[in-house]
Amino acid sequence: MNPILDRLNDKQKEAVLKTEGPLLILAGAGSGKTRVITNRIAYMIQEKGVDPGQILAITFTNKAASEMRERQEQMLGQALRGAWICTFHSCCVRILRMHADKLGYDSNFTIYDADDQKTVIKNICKKLDIDTKKFKEKWFLGQISSAKDELVSVDKFELNASGDYYLEKVAKVYREYQQELMRSNAFDFDDLIVKTVELFRQYPDVLDMYQERFRYISVDEYQDTNTAQFVFVSLLAKKYKNICVVGDDDQSIYKFRGANIGNILNFEKVFPNATVIRLEQNYRSTKTILDAANAVISHNVNRKAKTLWTDAEAGEKIRLFFVDNPYVEADRVIAVIRKYVHDGYPLNSCACLYRTNAQSRALEEAFIRANIPYKIVGGVNFYQRKEIKDVLAYLKTIDNGRDDVAVKRIINVPKRNIGASTINLVDAFAGERGISFYSALDTGLVEGVFGKAGEKLRPFRDLIESLRKSASEISLKELIEETLDKSGYLKDLQAEQTPESEARIENIEELINKASAYEDSFREPSSGAGTDGGSDITDSGSVEDVFVMVQESPSLSGFLEEVSLIADIDSWDGSEDYVSLITIHSAKGLEFDNVFLCGMEDGLFPSNFAICSEDESDLEEERRLAYVGITRAKKHLVLTASKTRMVRGETMVSALSRFVREIPPLILENDRDNVYLRERPQESSMGSHSKPKVVLGEKPFALQSADHKKQFEVKNQAGLDYGVGDRVSHIKFGEGVVIAIDEGGRDYEVTVDFEDFGIKKMFAAFARLEKL
DNA sequence: CCTACTACGCTTTTT
DNA sequence: GCGTAGTAGG
């Protein structure tokens, strides 16, 4: 028997064997779709003799891409040479880098994030004399982004807008915005797709080249694609029609950013002879969990009817805690996690999922207090921190002097006495000559048009020029260090001497580490950060020369690109032992033995926005989100909700989420019947829970750190050097007496009576108790 | 040109 | 309830 086809069910096998022609796989949650895609590609290479260089596999996140590559290589027992396994965005960047000149860009273009975009819009509003109190920058950006999702060009937008006062205004801003981006040699996220489609449409020979190259295409999470992405894929697949898309309409949760469920229906229109295969057997969850998921999702009217089924056992009932406030809620979560650990589950089998990032705060404080290692995935992105953005702005300026946003960000950081008036002077000159801000600065200095202000600008120009010179001679790591040194940025931070400044320095060091890692990734092929593995060079002969130029050596542009395409979820590592705190959106594609769905309240989940919306489908999207959350769980599902919650400084009172009420009561277990929790009075809502900040006595320390896990790096001890009755000392709670030690599945649970904090229960491995 | 204070807006989700 | 952005005063 062929190992690739082994252990697949009939439907899965059918999908793997169908390598030619258009194929739509409707794969329910946990039905083994990743396995099908992976095995299908392996089968093509091993059994059908397809050249890996002809394969393009598109995923949604870098993490999914590197996972797929890893599995693939494991299965084939060798490096996967020449295949592109990447996200939509990184795929398009690679294509654009090679043909940027055709669109009027340089190949070292930069990518603007949301902040950069906002800055550009703000400047445009100033220029067009638009009152940003009446028209928000974010509103313009939203309009422009939706237009791009639907491939509506500036011209088309303007045409549609005629007669409508508001839309005409947007059209004007849209036009200016695109001009500004081009002047800055920058693309925004949406542009990466849109401009690639533009390239394909304007240059049929370029498109043809890629059609020839990518004869076998597959797309994961197909339900999340927007129109632009759909067109991009359709164009590529038009010639050979070997395209496989995998999706689940019930897991479509990105409508708000343009995902078009219609793409699933359109697929059969654009590719008329498409084979459709349904995967409905679930291999992930217990029957109880699956029943709950099916019950909830069945309330959606607008969906392709399908029912997941399983051979698995019923398993335990779903637990529900509906408590008074978020602190108690968090403590219930902690108590149940303790039980699971006691039963032998590792911490990384547990995940707390929530609707909004704001909810992570109360949970985080509880985890700190309980001394349980955790990690918040997402939230404030590492690359959005001030100091990181500053350093990156320096690098962008060095790499691409046309990036006006970057130049203006750091021209006066650290202070060089260059203020608004000086910047306006340079801006005016740039406008006059029609050149970028930095080249205006440079030529203006040469021609001496800035007068006295020039004396402040010159040192900045000289700094950038000297760094540019270094850039070609030294490593990336050294370049960052030299930038920090010569600009005086590091010196300023070091002089500050505050906890914040120290955290910033740490973050910058982390960035330097990442730069080193990036450079190292080129030494061993295919161990890169997951986007590509950089091994296109190897497949000579069958491939055009132009593909050879991709990613063969580390470059400043390459590093900046990788950094700007990183998502929060990419840093998640399932193998490390900590509890994950994560939004349901980010958790899509992950699975855990034990899942806690927190904040199950009407108004929060489903959000008020969805409840109040005229459009029924907004509520259905929330319900799909609930479905995604529930189906992350393999063994245990715990639902928690709080009667009260602070929202925007005000306490809101909420009812239990309607999604919980959609679960059959028979498979729900309410916490009132829960004996385990009642046995532990110190874990109840009394005492310490009402005022957690007082108990902490300090700002939660982990809030400041980039890597929360760091705080808990303690190995499992073989034995304990203290026993019942001994005096011990704890890093936060001070001194106390051990009153009990229980043996759990993987660890000892130690109960200590602290002098200042009372009785606490903790795990020996994490508590770092020292015998006195 | 820099600092300190105030006001406002935010909380739905992200490549 | 917090963080950012804009303004006024030095």
Side-chain angles (χ1 to χ4, degrees), chain A residues 58-65 86-93 111-115 117-119 122 126 132-133 136-139 141-142 145 148-149 187-194 221 224-226 228-229 252-259 353-361 377-381 383-384 386 412 414-424 453 456 531 561-570 582-588 599 603-613 618-619 621-622 624-626 628-629 645-652 693 699 703:
Chain A
I58 297 176
T59 62
F60 223 61
T61 63
N62 294 308
K63 187 183 154 290
C86 50
T87 65
F88 271 107
H89 295 269
S90 61
C91 172
C92 287
V93 168
I111 300 163
Y112 275 4
D113 68 9
D115 282 344
Q117 290 177 289
K118 208 177 156 197
T119 311
K122 200 187 284 168
K126 219 176 274 168
T132 50
K133 284 210 173 97
K136 301 272 145 47
E137 293 98 331
K138 257 183 114 177
W139 181 73
L141 275 174
S145 178
K148 288 181 177 179
D149 286 343
F187 293 111
D188 64 22
F189 279 120
D190 302 315
D191 275 345
L192 297 177
I193 318 288
V194 172
E221 306 284 13
D224 290 330
T225 53
N226 61 30
Q229 289 162 337
S252 162
I253 53 174
Y254 285 109
K255 204 182 83 183
F256 70 92
R257 74 172 184 209
L353 274 47
Y354 38 77
R355 180 66 235 269
T356 68
N357 276 308
Q359 290 167 253
S360 65
R361 205 64 159 247
V377 183
V380 199
N381 192 314
Y383 292 99
Q384 283 172 321
K386 252 195 216 75
N412 199 31
K415 301 264 169 338
R416 299 188 180 89
N417 289 332
I418 301 171
S421 54
T422 313
I423 287 173
N424 283 338
K456 289 182 286 188
T531 46
E561 165 193 321
E562 191 165 302
V563 153
S564 47
L565 293 178
I566 281 176
D568 295 329
I569 186 66
D570 295 334
I582 188 169
T583 64
I584 305 173
H585 278 92
S586 298
K588 196 177 69 161
L604 183 66
F605 190 26
S607 69
N608 251 326
F609 181 88
I611 293 172
C612 301
S613 169
D618 284 329
L619 194 64
E621 173 137 327
E622 293 278 306
R624 289 193 294 272
L625 195 55
V628 169
R645 194 176 290 275
M646 286 282 247
V647 181
R648 282 181 260 176
E650 266 183 301
T651 304
M652 305 289 294
K693 296 243 159 137
K699 201 174 165 197
L703 291 177

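Sequence lines set the chain letters: A, B, ... in the order given, protein chains first and strands last, and positions in each chain run from 1.
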Next item on the list: Report yes if a side-chain nitrogen or oxygen of A:Asn608 is closer than 4.0 Å to either non-bridging phosphate oxygen (OP1 or OP2) of B:dT11; otherwise report no.
Entry: no

Checklist line | Among B:dC1, B:dT12, C:dT4, the nucleotide that comes nearest once only the side chain of A:Thr422 is considered | finding: B:dC1

Next item on the list: Identify whether any heavy atom of A:Asp190 sits under 4.0 Å from a base atom; if not, whether one sits that close to sugar-phosphate; answer base, sugar-phosphate or nothing.
Entry: nothing

Next item on the list: Indicate yes or no for a side-chain donor-acceptor contact from A:Ser586 to the backbone of A:Thr583 under 3.5 Å, with no hydrogens or angles considered.
Entry: no

Next item on the list: Determine, step by step, whether A:Tyr254 and A:Glu221 satisfy the side chain to side chain contact (heavy atoms under 4.5 Å, CB included) criterion, reporting the C-alpha distance in whole Å, the side-chain angles of both residues, the deciding distance to 0.1 Å, and the verdict.
Entry: CA-CA 11 Å; A:Tyr254 285 109; A:Glu221 306 284 13; over 6 Å; no

Next item on the list: Go through the steps to decide whether A:Arg257 and A:Asp224 satisfy the test salt bridge (Lys or Arg N to Asp or Glu O under 4.0 Å), and finish with yes or no.
Entry: CA-CA 9 Å; A:Arg257 74 172 184 209; A:Asp224 290 330; 5.9 Å; no

Next item on the list: Using a heavy-atom cut-off of under 4.0 Å over every strand shown, decide if A:Phe60 touches base, sugar-phosphate, or nothing.
Entry: sugar-phosphate

Checklist line | Closest listed nucleotide, where the reference is the side chain of A:Asn357 and the choices are B:dT12, B:dT14, B:dC2 | finding: B:dT14

Check: Looking only at side-chain N and O atoms, does A:Ser607 come under 4.0 Å of OP1 or OP2 in B:dT13?
Finding: no

Check: Under the side chain to side chain contact (heavy atoms under 4.5 Å, CB included) criterion, do A:Arg645 and A:Thr651 qualify, and how do the steps go?
Finding: CA-CA 5 Å; A:Arg645 194 176 290 275; A:Thr651 304; over 6 Å; no

Next item on the list: Kindly point out which of B:dT14, B:dT3, B:dT11 is positioned nearest to the side chain of A:His585?
Entry: B:dT14

Check: Between atom CD in A:Glu137 and atom P in C:dT4, what is the gap in whole Å?
Finding: 16 Å

Note to self: From NZ of A:Lys118 over to C1' of C:dA5, roughly how many Å is that when rounded to an integer?
What the structure shows: 8 Å

Checklist line | Of the listed nucleotides B:dC2, B:dT14, B:dT12, the one nearest the side chain of A:Arg257 | finding: B:dT14

Note to self: Using heavy-atom distances to pick each residue's nearest nucleotide on DNA chain B, tell me which of A:Ala610 and A:Ile418 is more 5'.
What the structure shows: A:Ile418

Checklist line | Upstream residue (5' side of DNA chain B) when A:Arg416 and A:Phe609 are each assigned their closest nucleotide | finding: A:Arg416

Next item on the list: Give A:Ala420 one of three labels, base, sugar-phosphate or nothing, depending on what nucleic acid heavy atoms sit under 4.0 Å from its own.
Entry: sugar-phosphate

Next item on the list: Take the protein atom CD1 of A:Ile253 and the nucleotide atom C1' of B:dT13, then report the distance between them rounded to whole Å.
Entry: 8 Å

Item checked: Distance in angstrom units between A:Leu619 CG and B:dT13 P, rounded -> 18 Å

Note to self: Please report the distance, rounded to the nearest Å, between CD in A:Glu221 and P in B:dT13.
What the structure shows: 19 Å

Notebook entry, point to check: What integer distance in Å separates A:Leu192:CG from B:dT14:P?
Noted result: 19 Å

Notebook entry, point to check: Just how far, in rounded Å, is P of C:dT4 from NZ of A:Lys138?
Noted result: 14 Å

Next item on the list: Sticking with atom C1', work out how far B:dT12 lies from C:dA5, rounded to a whole angstrom.
Entry: 23 Å

Check: Under the 3.5 angstrom rule, does the side chain of A:Asp188 hit a backbone N or O of A:Asp191 as a donor-acceptor pair?
Finding: yes

Notebook entry, point to check: Between A:Ser90 (side chain) and A:Thr87 (backbone), is there a donor-acceptor pair under 3.5 Å?
Noted result: yes

Next item on the list: Considering just the side-chain nitrogens and oxygens of A:Lys456, establish if one lies under 4.0 Å of OP1 or OP2 belonging to B:dC1.
Entry: yes

Margin query: Considering every strand and a 4.0 Å limit on heavy-atom distances, what is the contact class for A:Lys122: base, sugar-phosphate, or nothing?
Written below: sugar-phosphate

Notebook entry, point to check: Between B:dT13, B:dT15, B:dT3, which nucleotide has the shortest distance from any of its atoms to the side chain of A:Thr87?
Noted result: B:dT15

Checklist line | B:dT11 to C:dG6 separation - C1' atoms, rounded to the nearest Å | finding: 23 Å

Checklist line | Short side-chain N/O contact to B:dT15 OP1/OP2 from A:Thr61, under 4.0 Å | finding: no

Notebook entry, point to check: Counting just side-chain N and O atoms, does A:Asn417 come under 4.0 Å of either OP1 or OP2 of B:dC2?
Noted result: yes

Margin query: Mind checking if A:Glu621 touches a base, just sugar-phosphate, or nothing, with heavy atoms under 4.0 Å?
Written below: nothing

Next item on the list: May I ask you to evaluate whether A:Ser421 reaches the phosphate of B:dC1, defined as a side-chain N or O under 4.0 Å from OP1 or OP2?
Entry: yes

Checklist line | A:Tyr254 OH to B:dT12 P, straight-line distance once rounded to whole Å | finding: 16 Å

Check: So which heavy atom on A:Phe605 is nearest to which on A:Arg355, and how close?
Finding: CD1-CD, 3.7 Å

Item checked: Below 4.0 Å: OP1/OP2 of B:dT14 and any side-chain N or O of A:Thr583 -> yes

